[in-house]
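Below is one structure, written out as structure tokens; comments come after it.
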2 protein chains.
Amino acid sequence: MCEKCRENRERIVTGTSMQRATLAQIAETAGVSVSTVSKVLNGRDDVSRDTRAKVDSALRRHRYVRRGASLDPAVRTVDLVMSGLDGSWPASVASGMEAAAYEARVHVSIHVARSARSAPHAAGGTAGQDWVDRVLERGSEGVVLGLVEPASGQLARLRQADVPCVVIDPLSDPPPDVVSVGTTNWAGAYEATSHLLQRGHRRIALVTGPPDHLYARARTAGYHSAMAAAGLGPAPELIRNGTYDRASGAEQVRALLALPEPPTALFICSDHMAIGGYEAVSEAGLRVPEDISVVGFDDLPEARWVSPALTTVRQPLKEMGGSALRTLVRLLNGDELETPRIELATTLVVRDSTAPLR
Amino acid sequence: MCEKCRENRERIVTGTSMQRATLAQIAETAGVSVSTVSKVLNGRDDVSRDTRAKVDSALRRHRYVRRGASLDPAVRTVDLVMSGLDGSWPASVASGMEAAAYEARVHVSIHVARSARSAPHAAGGTAGQDWVDRVLERGSEGVVLGLVEPASGQLARLRQADVPCVVIDPLSDPPPDVVSVGTTNWAGAYEATSHLLQRGHRRIALVTGPPDHLYARARTAGYHSAMAAAGLGPAPELIRNGTYDRASGAEQVRALLALPEPPTALFICSDHMAIGGYEAVSEAGLRVPEDISVVGFDDLPEARWVSPALTTVRQPLKEMGGSALRTLVRLLNGDELETPRIELATTLVVRDSTAPLR
DNA sequence: CTGAAAGCGCTTACAG
DNA sequence: CTGAAAGCGCTTACAG
């Protein structure tokens, strides 16, 4: 380890900010000229393999960071900020985004948005660090947000730093200048409800999400529209709000099955809640789909793991990730967007959890 | 809009890369010196109100952005290279790694390892680009490989570039100088088999992975050891090799159930194969666990989605991701490792798919 | 291939 | 306050 690096390490330990290594230092370590180091950094091909290897090694030893890593438009880096990485939703979105990024020759960095309070370094002088700090510190050129609601202050800081942002599936109505990618929630719910109506069901219950969520409202509206088109008015006792998780689905379906006149079909606005619904149906001594039909929403892999396989409204999660990345690249290029709000089509995937009314 | 900006816009339209405005241009627009513009940018207070306003206005007109001003060389970036991002396995590993990276103040970039043949830019002068090229191009300081087998040439290139590498769950015996993180496959299989033996089962079938996989061999050995400890010799007809996916699990279990003397318990070396096994059991008109007990391996989230919930050997995937990251950081710091091969403990999670022999 | 030299964008100590 | 001048980090055209 070189003298300078040792100094740097001490600076880190003492909390002082670190000095950037200069090309001159790298050149000295590598035993070459500054010009040669510069050539390696800029990917020129008039450098021999051996020299390049020596310089690469010296750059890494010094932890050299290019100032304005974004100056080369060929290698851009963007951030994917998610509320968490566990589970099928983030995995699918990240997978679609990575594939699109590969095509576009863009690098993807991942972050989990943590609340400022839980930041482990809050005491060390970087108090209040949130995902915006991380993005700016990282020098990313753009951000895709997945299941993370940006606060207006956070959006303002990104805008000020000229870092564009695309939000996937915002929970609440975003400001008009925020670009978002979602799905046709209304149409998906309409199609799911119509599917049940076509199979003769009339008493169709809805388990939807929290009423303040943008897409829960759209799904509820789609259900109502399909019911109304079949001449069926609202039956408030058949409509319940869950919280998208399995336990909440079980709970809401238990309540529905306890009604004097229980439903014959359930449209449940998330696969996880629908799987919870399966439990409640089973507890009541009933079978899916013989006694009661169930339609979910999402088409996560788990819809195929359960038995019977779940009929559900497919959200194209990979395409959402891909679309968000491509939209972000257009923003980075300064291209005009046709619309700040992109909605991808849902499709109904019919499996084994729905049957005609007996 | 200034002349330069107009030029810039034209460059964008024509696909040429954009020129950043310089302080000299700002200075000219504002009618001041470059020094003064620099002072304003750096927040010095020896600038008059009027001059500052003129400069601010010019900066805005030129859309001047300081790029990479906050890049901190203490921030390190490492790559997570996976065979794919879909599914629970990569999601859990990535989640654990991200959490550890956050603690260590390391940024994580994600890549999917694609074969060189499928690279979309292969024709554009970057033929043969594989994940090693991407890692080096990106300037990452280290790599974690998940479900990706590094070829010896790839390892050599990383070594030459001084980029350390940690492999999670290698399929084949890695070279002795490659650091890897795995789980105690032998002990996990031993525990699973013992669990079935303790419940009175004697005719216990094994569905394991391809015989050339390192961890499949370890699991098979653990099964044999537990059987032998109970005084049971090998029964070759009860041992089958699958390919870890659901369909292969169903296929192998169908064959086992068709034996003249079928097993009363199945130890199936992946949750996905075990869920396929459920199908085969159901097709045969049998029930889990009343007629046949099933133990899986992995403890992916899907083990809890199926019914009955699957008894399985838990691999601590998040911890593996976290451990890989922490090990990589130690390598980056030049610390010595106690061992190049880290094995994390598995635990048996008993759920509803195992019952005493009737 | 390699590096000396010229030059660019930016910052800063200092003269006015 | 302001800006000329010196200087730093980096890039590049070019001589060898």
Side-chain angles (χ1 to χ4, degrees), chain A residues 2-5 7-8 11 17-75 139 161-162, chain B residues 2-5 7-8 11 16-75 137 139 160-161:
Chain A
C2 73
E3 181 51 33
K4 195 75 195 175
C5 286
E7 276 175 32
N8 283 340
R11 283 212 187 79
S17 92
M18 183 164 165
Q19 295 292 101
R20 298 184 56 228
T22 65
L23 291 216
Q25 289 162 6
I26 310 287
E28 197 190 328
T29 301
V32 298
S33 72
V34 173
S35 313
T36 303
V37 176
S38 176
K39 283 178 197 172
V40 171
L41 277 174
N42 291 294
R44 303 249 158 179
D45 53 9
D46 58 342
V47 180
S48 72
R49 265 180 88 90
D50 285 3
T51 305
R52 185 182 301 274
K54 277 191 292 185
V55 172
D56 276 337
S57 165
L59 287 169
R60 216 161 288 106
R61 291 234 291 286
H62 287 270
R63 302 243 190 95
Y64 185 80
V65 185
R66 258 185 105 114
R67 168 172 303 180
S70 57
L71 286 181
D72 178 3
V75 181
D162 205 25
Chain B
C2 74
E3 180 53 32
K4 196 74 194 173
C5 286
E7 275 175 36
N8 281 341
R11 285 212 185 78
T16 323
S17 86
M18 180 162 165
Q19 297 290 103
R20 297 183 54 221
T22 65
L23 289 216
Q25 291 162 8
I26 310 286
E28 197 190 329
T29 302
V32 298
S33 72
V34 172
S35 311
T36 304
V37 176
S38 176
K39 284 179 196 170
V40 171
L41 276 174
N42 291 293
R44 305 244 157 182
D45 54 7
D46 57 345
V47 181
S48 72
R49 271 175 77 94
D50 286 3
T51 305
R52 185 182 301 276
K54 276 191 292 184
V55 172
D56 277 337
S57 160
L59 288 169
R60 230 172 287 114
R61 293 233 294 284
H62 286 269
R63 306 248 176 85
Y64 187 83
V65 188
R66 285 179 80 146
R67 278 274 179 209
S70 56
L71 278 183
D72 178 352
V75 175
E137 165 187 287
Q160 189 179 15

d(NZ, B:K39; C1', D:dC1) in whole Å:
7 Å
Which of these nucleotides, C:dC14, C:dT11, D:dT11, is closest to any side-chain atom of B:V34?
C:dT11
Separation of D:dG9 atom P from A:Q25 atom CD, nearest Å, is 8 Å
Heavy-atom pair of closest approach, residues B:D45 and B:R52:
CA-NH2, 3.8 Å
Name the nucleic acid region contacted by B:S38, choosing base, sugar-phosphate or nothing; use a 4.0 angstrom heavy-atom cut-off, strictly under.
base
Spacing between B:R52 atom CZ and D:dT2 atom P, to the nearest angstrom:
10 Å
Looking only at heavy atoms, which two atoms of A:V34 and A:A24 are closest? And how far apart?
CG2-CA, 3.9 Å
Taking the side chain of B:T36 as heavy atoms from C-beta outward, which of D:dT2, C:dT2, C:dC10 is closest to it?
D:dT2
For B:D50, does the CG atom have more than 12 heavy-atom neighbours from other residues, nucleotides or ligands under 6.0 Å away?
no
From CG of A:D45 across to C1' of C:dC1 the rounded distance in Å is 11 Å
Find the distance B:I26:CD1 to C:dG9:P and express it as a whole number of Å.
12 Å
In whole angstrom, give the distance that lies between atom CG of B:D50 and atom P of D:dC1.
10 Å
Is the distance from OP1 or OP2 of D:dG3 to the nearest side-chain N or O of B:S33 less than 4.0 Å?
yes
Determine the minimum heavy-atom distance between A:V55 and A:I26, stating which atoms define it.
O-CG2, 4.4 Å
Does a side-chain N or O from B:S48 land closer than 4.0 Å to OP1 or OP2 of D:dT2, or not?
yes
Nucleotide nearest A:L41 (side chain, heavy atoms from C-beta), chosen from D:dA13, D:dT11, D:dT2
D:dT11
Any strand: nucleotide that pairs with C:dG3 via Watson-Crick or wobble, under 3.5 Å
D:dC14
Checking the side chain of A:T29 only, and the main-chain atoms of A:Q25 only, is there a donor and an acceptor separated by less than 3.5 Å?
yes
Looking for any heavy atom pair under 4.0 Å, which part of the strands does B:V37 touch: base, sugar-phosphate only, or nothing?
nothing
Over how many whole Å does the gap from B:R44 atom CZ to C:dC10 atom P extend?
16 Å
Side chain of A:D46 only, heavy atoms from C-beta on: which candidate in C:dT2, C:dG3, C:dT12 is closest?
C:dT2
Taking donor-acceptor contacts at under 3.5 Å, does the side chain of A:S35 reach the base of D:dT12?
yes
Select one nucleotide: of C:dC10, C:dG3, D:dT2, the one nearest the side-chain heavy atoms of B:T22.
C:dC10
Could you tell me how far apart A:L23 (CG) and C:dG7 (P) are, to the nearest whole angstrom?
20 Å
